[in-house]
Amino acid sequence: MILKALFTMVGTVAVAAAGFAVLTEAAPGAASKIFTLAHDYALGWTSDACETNPLGCLNNRFRSLQDLEKQVQVSIAAVHGQLERIHGLVSEQQDLSSRNENFLIEGRSLYRQRETGGSGPIRFAGKEYPTLDTLKQQLALLFREKTALQESLTKAEGLETKLQERLDSLMVQAGDITLAKRMVPAQIELVKANQTLSQFSANIETINGVIKGSEEGIANTEQLIRTTKDLMAPEASTPGRAPEVTKDFEDF
């Protein structure tokens with residue numbers, strides 16, 4: 001069965017090639033359209049293919065640029081949205097980190113005061129703690145949260161910077177796509193008028209570079225947005241446990 005399928009495929013390709021050669025002589029316009037479709041959907045536009053059929057190649061590049069233009073604008077809007085959200089997250093994390101630091105400073109002062117003497121409940125952060133040990137446990141919990149808050153803030157600020165850089169890059173790519181699109185119609189008209197394009201290959205390479213860079217930029221943007229969403233997703237709740245009193249906390 002496999003050999004039969006291979007022989008059938010080879011035969012089909014041979015017949016198609018022979019038919020295309022005849023069609024090129026008899027109806028060059030139809031042959032050009034078939035050539036264009038073949039490279040659009042199956043073969044791709046190599047340098048040789050573009051030199052053979054510059055009109056089909058230019059039309060394909062123009063459509064690719066149009067598609068990328070839309071995709072880049074969608075990516076720009078998405079990054080704008082994520083930047084607004086990450087700005088809020090950074091602000092929130094900064095506020096939490098600042099409050100945590102203030103609570104720790106206040107609690108340490110109360111703890112040291114009570115160590116030197118005194119009795120009765122200790123009022124801290126709007127609550128009363130019956131003993132010095134319970135206050136110490138509360139401060140140990142705050143100290144453990146301090147590290148987590150700082151790590152979260154650092155990640156949020158790092159993503160904020162990357163999103164801004166990505167937005168700037170996408171804006172540049174949008175401009176490059178617009179400039180590349182402007183090159184194509186004039187070249188198409190020259191091809192239709194049977195004019196020689198002295199810089200055709202160089203121009204196609206420039207357009208290909210814009211397309212490749214934009215495709216990579218869009219892919220990187222999607223990955224970055226997924227990373228941002230992961231950071232901003234609510235953490236799964238875990239069973240509470242007594243905070244560990246570490247040496248770092250004791251030194252604090």
Side-chain angles (χ1 to χ4, degrees), residues 71-173 216-252:
Q71 294 177 44
V72 166
Q73 291 304 321
V74 170
S75 294
I76 287 173
V79 172
H80 266 302
Q82 289 301 313
L83 262 176
E84 289 180 2
R85 296 180 66 198
I86 204 76
H87 286 330
L89 179 63
V90 168
S91 178
E92 177 184 331
Q93 293 298 312
Q94 288 174 336
D95 182 60
L96 288 173
S97 185
S98 177
R99 290 186 182 188
N100 174 272
E101 184 69 24
N102 290 336
F103 279 139
L104 282 170
I105 292 172
E106 180 187 351
R108 180 176 61 183
S109 177
L110 286 171
Y111 186 87
R112 288 177 176 175
Q113 288 176 16
R114 181 54 62 91
E115 273 188 317
T116 61
S119 61
I122 307 167
R123 188 163 185 80
F124 168 65
K127 294 184 178 181
E128 289 189 348
Y129 295 82
T131 66
L132 193 60
D133 188 60
T134 56
L135 176 61
K136 184 176 183 179
Q137 292 293 318
Q138 175 63 67
L139 293 176
L141 177 61
L142 289 171
F143 191 82
R144 190 177 69 181
E145 288 178 343
K146 176 183 179 180
T147 301
L149 286 170
Q150 288 175 339
E151 288 177 355
S152 180
L153 176 59
T154 299
K155 288 180 181 178
E157 289 176 334
L159 278 174
E160 183 181 39
T161 299
K162 289 180 180 179
L163 281 170
Q164 186 60 59
E165 291 173 350
R166 175 55 54 200
L167 179 61
D168 294 342
S169 176
L170 286 171
M171 296 296 287
V172 171
Q173 287 171 351
E216 291 175 351
I218 290 169
N220 291 337
T221 299
E222 291 173 351
Q223 179 62 45
L224 179 58
I225 288 176
R226 282 195 294 271
T227 303
T228 306
K229 288 181 177 178
D230 289 341
L231 174 68
M232 300 184 72
E235 296 182 0
S237 58
T238 54
R241 59 183 179 135
E244 181 182 358
V245 180
T246 62
K247 184 179 183 300
D248 288 340
F249 172 68
E250 294 288 2
D251 293 341
F252 168 79

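By the 4.5 Å heavy-atom criterion applied to side chains, Asn102 and Glu106 are not counted as neighbours. Contact annotation: the side chain of Lys146 never approaches that of Leu142 to less than 4.5 Å [non-hydrogen atoms, C-beta and beyond]. Side-chain contact between Gln71 and Val74 is absent, with no heavy atoms from C-beta onward closer than 4.5 Å.
Every salt bridge (charged side-chain N to carboxylate O under 4.0 Å, His left out) that Arg99 has, sequence neighbours left out, goes to Asp95. Residues satisfying the side chain to side chain donor-acceptor pair (under 3.5 Å) test with Thr161, not counting sequence neighbours, are none.
Of the possible donor and acceptor atoms, none in the side chain of Arg108 sits under 3.5 Å from a partner among the backbone N and O of Leu139. Remark: side-chain polar atoms of Ser109 are not paired, donor with acceptor, to backbone N or O of Ile105 under 3.5 angstrom. Ser91 places no side-chain N or O within donor-acceptor distance of the main-chain N or O of Gly88, the cut-off being under 3.5 Å.
Here the CG-CZ distance, from Asn220 to Arg166, works out to 5.0 Å after rounding to the nearest 0.5 Å. A distance of 10.5 Å separates CD of Glu101 from CG of Leu149, quoted to the nearest 0.5 Å. Atom CD of Glu160 and atom CG of Leu83 lie 7.0 Å apart (nearest 0.5 Å). Note that CG of Leu89 is 10.5 Å distant from CD of Gln82, once rounded to the nearest 0.5 Å. A distance of 13.0 Å separates CD in Gln164 from CG in Leu159, rounded to the nearest 0.5 Å. Atoms CZ and OG1, from Arg114 and Thr131 in turn, are 10.0 Å apart once rounded to the nearest 0.5 Å.
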Show your working on side-chain contact (heavy atoms from CB on, under 4.5 Å) between Ile76 and Gln73 and close with a plain yes or no. CA-CA 5 Å; Ile76 287 173; Gln73 291 304 321; 4.2 Å; yes

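Thr134 and Tyr129 make their closest contact through OG1-CB, 3.6 Å (heavy atoms, listed as atom of the first residue, atom of the second, distance). Heavy atoms only, all atoms of each residue included: Arg123 and Gly126 are closest at NH2-O, 3.4 Å. Residues Thr221 and Ser75 approach most closely at CG2-CB, 4.1 Å, considering heavy atoms. Taking every heavy atom of both residues into account, Phe143 and Leu104 meet most closely at N-CD2, 3.8 Å.
Using the six-membered ring where Trp is involved, Phe124 and Phe103 have ring planes that are perpendicular, over 60° apart on the 30 and 60° scheme.
In summary, of the residues considered (Glu157, Lys155, Glu151, Gln150), a side chain to side chain contact (heavy atoms under 4.5 Å, CB included) with Leu153 occurs for Glu157 alone.
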